[in-house]
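Structure, as structure tokens:
Keep in mind that what you see is a predicted model, and the values were worked out from it rather than measured.
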Amino acid sequence: MPELPVCGPEGPLRAPSARTAPSAPVRAVLFDFSGTLFQVAAYADRIRAALARPVDDATMDRLLDGLEAGLSDPAVVAAQHARDVSARAHRHAFTTWYASVAELAPVAGVLYE
């Protein structure tokens with residue numbers, strides 16, 4: 001069975017590579033606002049824009065690894081509960097996740113915007 005990509009709340013953290021095995025046929029689909037039908041922009045593109053400086057591939061991999069690890073951080077998991085009940089809860093959920101990576105913490109608000 002092909003390995004599924006690690007996804008953040010808005011879709012895959014990394015773009016599919018040529019090494020990615022073909023996925024199984026789709027049997028059902030559940031739609032939500034973001035991450036299912038579309039992704040605002042790739043996480044890497046959003047991070048580069050928020051940091052407003054060049055980010056090499058090795059650094060980007062480290063940042064994306066940090067976001068991936070953050071998905072299991074208890075504070076991040078707790079912040080995700082009921083994130084869709086208000087704009088404030090939604091912002092808190094995402095900025096908590098972004099801030100779980102020390103280098104992204106100063107730009108967590110920019111990443112959310």
Side-chain angles (χ1 to χ4, degrees):
M1 176 166 232
E3 187 174 318
L4 296 174
V6 174
C7 293
E10 296 181 311
L13 286 175
R14 292 179 170 85
S17 69
R19 299 181 313 241
T20 305
S23 58
V26 175
R27 294 177 45 189
V29 177
L30 296 174
F31 293 102
D32 67 2
F33 174 72
S34 178
T36 303
L37 295 175
F38 67 91
Q39 186 174 5
V40 174
Y43 284 105
D45 294 339
R46 292 163 61 186
I47 289 169
R48 284 186 173 99
L51 292 175
R53 63 174 169 79
V55 179
D56 61 48
D57 290 341
T59 301
M60 184 57 66
D61 279 341
R62 183 176 46 75
L63 295 171
L64 294 174
D65 287 345
L67 285 176
E68 185 175 333
L71 292 170
S72 60
D73 180 301
V76 173
V77 172
Q80 299 305 309
H81 294 288
R83 73 173 183 232
D84 293 328
V85 300
S86 71
R88 182 175 179 226
H90 193 268
R91 181 181 186 86
H92 174 70
F94 278 86
T95 56
T96 299
W97 178 47
Y98 299 141
S100 70
V101 179
E103 193 172 343
L104 299 179
V107 295
V110 174
L111 282 166
Y112 181 79
E113 296 302 324

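Contact between Asp56 and Thr59 at its shortest, heavy atoms only, is OD1-N, 2.7 Å. Summarising the geometry of Ala108 relative to Ala99, their closest heavy-atom pair is CB-N, 4.2 Å, with the distance given to 0.1 Å. Nearest heavy atom pair, residue Ala75 against residue Thr96, reads O-CG2, 3.8 Å. When all heavy atoms are compared, the tightest approach of Ala82 to Ala89 is O-CB, 3.7 Å. Across all their heavy atoms, Ala93 and Ala79 have their closest contact at CB-O, 3.3 Å. Between Val101 and Gly66, the closest heavy-atom pair is CG2-C, 3.4 Å.
Using a 4.5 Å heavy-atom threshold, the side chains of Leu64 and Ile47 count as touching.
In this structure Arg14 satisfies the salt bridge (Lys or Arg N to Asp or Glu O under 4.0 Å) test together with Asp61, Asp65, Glu68, sequence neighbours excluded. The salt bridge (Lys or Arg N to Asp or Glu O under 4.0 Å) test applied to Arg53 returns Glu103, not counting sequence neighbours.
Hydrophobic clustering, with ILVMFWY side chains joined whenever heavy atoms are under 4.5 angstrom apart, keeps Val77 apart from Leu104.
One N or O on the side chain of Thr95 and one on the backbone of Arg91 form a donor-acceptor pair closer than 3.5 Å. Trp97 places no side-chain N or O within donor-acceptor distance of the main-chain N or O of Gly70, the cut-off being under 3.5 Å.
Ring pair Phe94/Tyr112 is tilted by interplanar angle, where 30° to 60° counts as tilted.
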